[in-house]
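The chain is numbered in sequence order, starting from 1.
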Amino acid sequence: WADNCGMGIPVTYEGTGELPDAGLFNCLIQWDVQCRYANGLTMRFMDNATARKQDIPGIRDSNAATFVGTDGWVCVNYSEIRTEPASLRNEIIGPNERRLPAGAVVGGGYAEAHHANWTECIRSRQDPVGNIESAVRSDIISHLSDIAVRTGRKIKWDPVKETIIGDETAARMMRRSLREPWTL
């Protein structure tokens with residue numbers, strides 16, 4: 001929802017992280033990745049534990065998205081919205097300004113609002129608040145961040161060709177070999 005302005009996904013990724021050295025899973029358990037959009041806007045993508053260690057305004061809970069601007073910050077999680085200055089919380093959103101989609105409730109009713117929105121969209125045949133395009137963009141950002149951490153290199157993404165450019169080793173990490181007898 002934060003990128004509901006047509007920017008797509010970031011085009012470069014670089015950062016650090018930690019992989020488990022034992023156990024069942026082999027996914028990142030901590031990460032701190034700088035992502036940059038084509039227009040120069042940066043996004044810092046990190047796990048909850050890393051975020052809580054930073055001197056970033058508003059972060060004190062898990063699963064929070066914090067947006068830092070020139071005039072303050074807004075921190076949103078599943079149960080509340082915090083702002084600095086506090087007056088940002090009461091700003092009136094103009095008729096031509098961007099807003100959260102209908103059905104996106106923050107504060108106590110997140111899951112219920114999503115379920116109700118999904119059920120209504122089945123009836124109305126409208127796209128739900130949590131649509132497939134948003135899910136795919138989020139997944140691509142996560143995977144490219146993972147590849148940047150694993151390679152230790154800056155990853156460059158071509159949004160038109162939907163592939164990593166300039167790094168064949170990293171590009172191969174976008175796919176897994178299929179087990180026999182499966183083929184494509």
Side-chain angles (χ1 to χ4, degrees), residues 1-84 98 100-101 104 106 110 114 129-177:
W1 299 332
D3 184 24
N4 193 22
C5 54
M7 291 190 312
I9 67 167
V11 295
T12 63
Y13 301 77
E14 57 187 324
T16 59
E18 182 183 335
L19 288 159
D21 49 11
L24 178 62
F25 301 104
N26 65 352
C27 58
L28 293 171
I29 54 175
Q30 288 190 296
W31 62 92
D32 188 355
V33 178
Q34 295 288 330
C35 310
R36 185 173 302 276
Y37 287 86
N39 70 358
L41 178 71
T42 60
M43 174 178 73
R44 189 170 177 192
F45 177 41
M46 62 192 115
D47 66 280
N48 295 331
T50 300
R52 283 191 295 270
K53 294 176 188 173
Q54 307 305 307
D55 185 22
I56 298 173
I59 293 179
R60 72 171 185 243
D61 301 317
S62 62
N63 294 321
T66 302
F67 305 91
V68 180
T70 55
D71 297 328
W73 54 262
V74 176
C75 184
V76 181
N77 68 19
Y78 293 133
S79 62
E80 68 178 323
I81 298 173
R82 292 186 306 277
T83 65
E84 181 62 42
R98 299 228 178 246
L100 284 175
V106 177
Y110 178 81
H114 270 284
V129 170
N131 62 41
I132 190 66
E133 291 82 8
S134 176
V136 168
R137 281 195 308 267
S138 296
D139 287 346
I140 290 172
I141 291 169
S142 295
H143 289 297
L144 293 172
S145 295
D146 179 86
I147 292 170
V149 169
R150 287 175 189 270
T151 62
R153 296 189 295 271
K154 183 176 189 174
I155 299 300
K156 295 178 185 172
W157 176 251
D158 182 329
V160 175
K161 295 180 180 177
E162 295 186 334
T163 192
I164 293 172
I165 54 176
D167 189 330
E168 280 303 312
T169 302
R172 281 194 303 274
M173 294 174 77
M174 292 173 45
R175 292 168 193 78
R176 289 186 176 174
S177 299

For residues 9-26, which side-chain N or O atoms pair as donor and acceptor with protein atoms under 3.5 Å away, sequence neighbours left out?
from: Tyr13; atom 1: OH; to: Pro10; atom 2: O; distance (Å): 2.9

Value for CZ (Arg44) from CZ (Arg36), rounded to nearest 0.5 Å, stands at 13.5 Å
Trp157: partners by ring pair (Phe, Tyr, Trp, His ring centres under 6.0 Å), with sequence neighbours left out: none
To the closest 0.5 Å, what do you measure between OG (Ser142) and CD1 (Ile147)? 11.0 Å
Once side chain to side chain donor-acceptor pair (under 3.5 Å) is applied, do any residues pair with Thr83, and if so which ones, sequence neighbours excluded? none
Distance col, row Ile132:CD1 vs Arg137:CZ, nearest 0.5 angstrom, shows 11.0 Å
Verdict with supporting geometry, Ile164 and Met173, side-chain contact (heavy atoms from CB on, under 4.5 Å): CA-CA 10 Å; Ile164 293 172; Met173 294 174 77; over 6 Å; no
Under the side-chain contact (heavy atoms from CB on, under 4.5 Å) rule, collect the residues that match up with Asp146, sequence neighbours excluded. Leu28, Arg150
Kindly indicate whether the side chain of Thr169, heavy atoms from C-beta on, has any atom under 4.5 Å from the side chain of Arg172. yes
Output every pair passing salt bridge (charged side-chain N to carboxylate O under 4.0 Å, His left out) with a member in residues 159-170, not counting sequence neighbours, ordered by first then second residue. Arg153-Asp167
Which residues pass the side chain to side chain donor-acceptor pair (under 3.5 Å) test with Asp47, sequence neighbours left out? Thr50
